[in-house]
Amino acid sequence: MYEEFYNLACAPFHNTPDSRFFFETEQHKEALAKLEYTVRNRQGFALVTGEIGSGKTTLSRMLIRRMGQDARVALINNTRVSSHQLLKLIAIEYGIETPAICDKATLLTLIRRYIENQHSLGRYLVVIIDEGQCLNIDEFEEIRLLTNLENETEKLVQLLILGQPELRKILKHNRLTPLIQRIVMYTHLQPMTFEETARYIEFRLLRAGKERLDVDFSQQALHVIHERAAGIPRLVNLICDNALLVGYSRDTHLVDSQIVTAAISQILPNFNDEPADIMAAAPPPGAGQEMDHGRRL
Ligand SMILES: Nc1ncnc2c1ncn2[C@@H]1O[C@H](COP(=O)(O)OP(=O)(O)OP(=O)(O)O)[C@@H](O)[C@H]1O
Ligand SMILES: [Mg+2]
């Protein structure tokens, strides 16, 4: 909508794990390098936790991209399933043909066969479980049995589990000690620092920009964004996207703190002490200009 106005080729703050927009903060960079190392050395089991929206899924997409054709990846997003369904999902992700009615033992055999075959062809077999905090103990145990596949020197299946901080609590369960002992890489993604937030915004704008980008964020605006988003990339995106809309509606190429504050007041009630209802009727005549312009969008 505002792309042309700011001379952008596409929207810079889309909330999707698009690898073209991957910004390497020190920790994202380090985590990605460690994950790739764990997989390429067939070390077994890696765990990544982080606050909601901190970049876990994005990180896993980057790993898949980096591994390219070297790996066969089963990416499991839907973790609210039984352990049998979980195995079925893994089989589907690997493209293994299974009979319509297939008991667990057969399913496991088929998956094992596939894994051994692909391994013998030199491929890395990766299982990525996203939203791991939704898994229960039984499912974790099932997955562990799968990762037990190994030869004398290496693990045949590389398991990456991603989840929100409460995942750590679930993994403390006694029955999961064998799994925990097998973790060779663990990272907790921290929110970005102010400097990172500022560079993140600049990076995404440049990535989306045409030759001459026609938009600027004031230092004060960057501070407000960082503070309100608490350094969480998803929230930074949300605020910036709305700030660009407000700027566009006010016909200005400079996003200042006033614009950011107006944008925030229109997004989520929890950003503001005084929730603003963006669906509400137009404000009474003479009400603040900021809201007037914002609502017209
Ligand atoms: N390093 C990064 N570079 C660029 N964009 C990022 C980065 N990390 C996160 N983002 C952006 O933030 C959004 C949210 O990130 P992501 O979905 O990876 O978070 P998450 O930790 O998986 O969240 P949830 O806990 O809800 O699953 C992404 O869609 C992406 O646009
Ligand atoms: Mg995620």
Side-chain angles (χ1 to χ4, degrees), residues 3 8-36 46-67 73-81 89 93 126-135 159-171 185-209 217 222 225-245 263-264 267-268 270-271:
E3 287 88 335
L8 294 159
C10 59
F13 297 106
H14 255 176
N15 255 328
T16 51
D18 185 343
S19 48
R20 277 180 314 149
F21 284 91
F22 182 67
F23 174 69
E24 290 193 336
T25 65
E26 274 309 306
Q27 57 163 351
H28 280 108
K29 191 172 166 180
E30 199 181 313
L32 187 56
K34 281 192 201 163
L35 284 177
E36 190 175 350
L47 176 68
V48 176
T49 56
E51 295 300 332
I52 300 172
S54 59
K56 302 177 291 295
T57 299
T58 306
L59 202 60
S60 68
R61 298 301 155 88
M62 285 305 295
L63 176 68
I64 294 172
R65 201 180 142 103
R66 284 238 185 132
M67 294 305 299
V73 181
L75 178 60
I76 309 298
N77 288 310
N78 179 5
T79 43
R80 291 200 184 275
V81 290
L89 283 178
E93 279 286 305
V126 187
V127 174
I128 299 179
I129 309 274
D130 206 349
E131 307 286 350
Q133 74 279 352
C134 299
L135 239 57
L159 174 66
L160 164 60
I161 297 186
L162 311 158
Q164 289 163 16
E166 60 263 36
L167 173 61
R168 291 181 292 195
K169 247 187 256 160
I170 302 170
L171 292 174
M185 181 260 172
Y186 170 58
T187 296
H188 180 76
L189 292 181
Q190 302 288 347
M192 296 186 287
T193 61
F194 168 71
E195 282 70 28
E196 285 172 335
T197 300
R199 284 196 294 120
Y200 173 90
I201 293 170
E202 186 189 5
F203 168 82
R204 292 191 74 123
L205 284 170
L206 288 173
R207 244 314 123 87
F217 280 61
L222 293 175
I225 295 167
H226 176 71
E227 197 184 305
R228 293 302 189 97
I232 297 292
R234 182 182 290 136
L235 298 181
V236 172
N237 285 352
L238 196 61
I239 296 175
C240 288
D241 183 48
N242 275 275
L244 289 178
L245 269 174
I264 290 169
I267 313 169
L268 295 178
N270 62 342
F271 279 139

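Remember, it's a predicted structure, so these values are computed and weren't measured experimentally. As a basis for the values below, the full set of heavy atoms in this structure was taken, side chains included, without hydrogen atoms, waters or symmetry mates. Every number for a ligand or one of its atoms is a count from 1 in the order of the listing.
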For this session: Name the option, out of Phe22, Phe203, Phe13, Tyr200, that contains the heavy atom nearest to atom 6 (C) of ligand 1.
Result: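 Nearest heavy atom to atom 6 (C) of ligand 1 lies in Tyr200.
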Give me the residue, atom name and distance of the protein heavy atom closest to [atom].
| atom | value |
| --- | --- |
| atom 1 (N) of ligand 1 | Phe23 O, 2.9 Å |
| atom 23 (O) of ligand 1 | Gly53 N, 2.9 Å |
| atom 30 (C) of ligand 1 | Thr16 O, 3.5 Å |
| atom 17 (O) of ligand 1 | Arg234 NH2, 3.2 Å |

For this session: Give a yes or no on whether His14 atom NE2 has more than 12 heavy-atom contacts from other residues, nucleotides or ligands under 6.0 Å away.
Result: no
Problem set entry | Glu93 (side chain) donor-acceptor with Leu75 (main chain) under 3.5 angstrom |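 Looks like yes, one N/O pair under 3.5 Å.
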For this session: Assign the ring pair Phe203 / Phe23 to parallel, tilted or perpendicular, where the plane angle (0 to 90°) is split at 30° and 60°.
Result: tilted
Tell me which part of [X] gets within contact of ligand 1: side chain, backbone, both or neither, using heavy atoms under 4.0 Å.
| X | value |
| --- | --- |
| Phe21 | backbone |
| Lys56 | both |
| Asn237 | side chain |
| Glu51 | backbone |
| Gln164 | side chain |

Problem set entry | Gap between atom CD1 of Ile129 and atom SG of Cys134 - 0.5 Å precision | 11.5 Å
Exercise. Taking only protein atoms, how many N, O or S atoms are found under 2.8 Å from the Mg ion (ligand 2)?
Worked result: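 If we list every protein N, O or S atom nearer than 2.8 Å to the Mg ion (ligand 2), we get 1.
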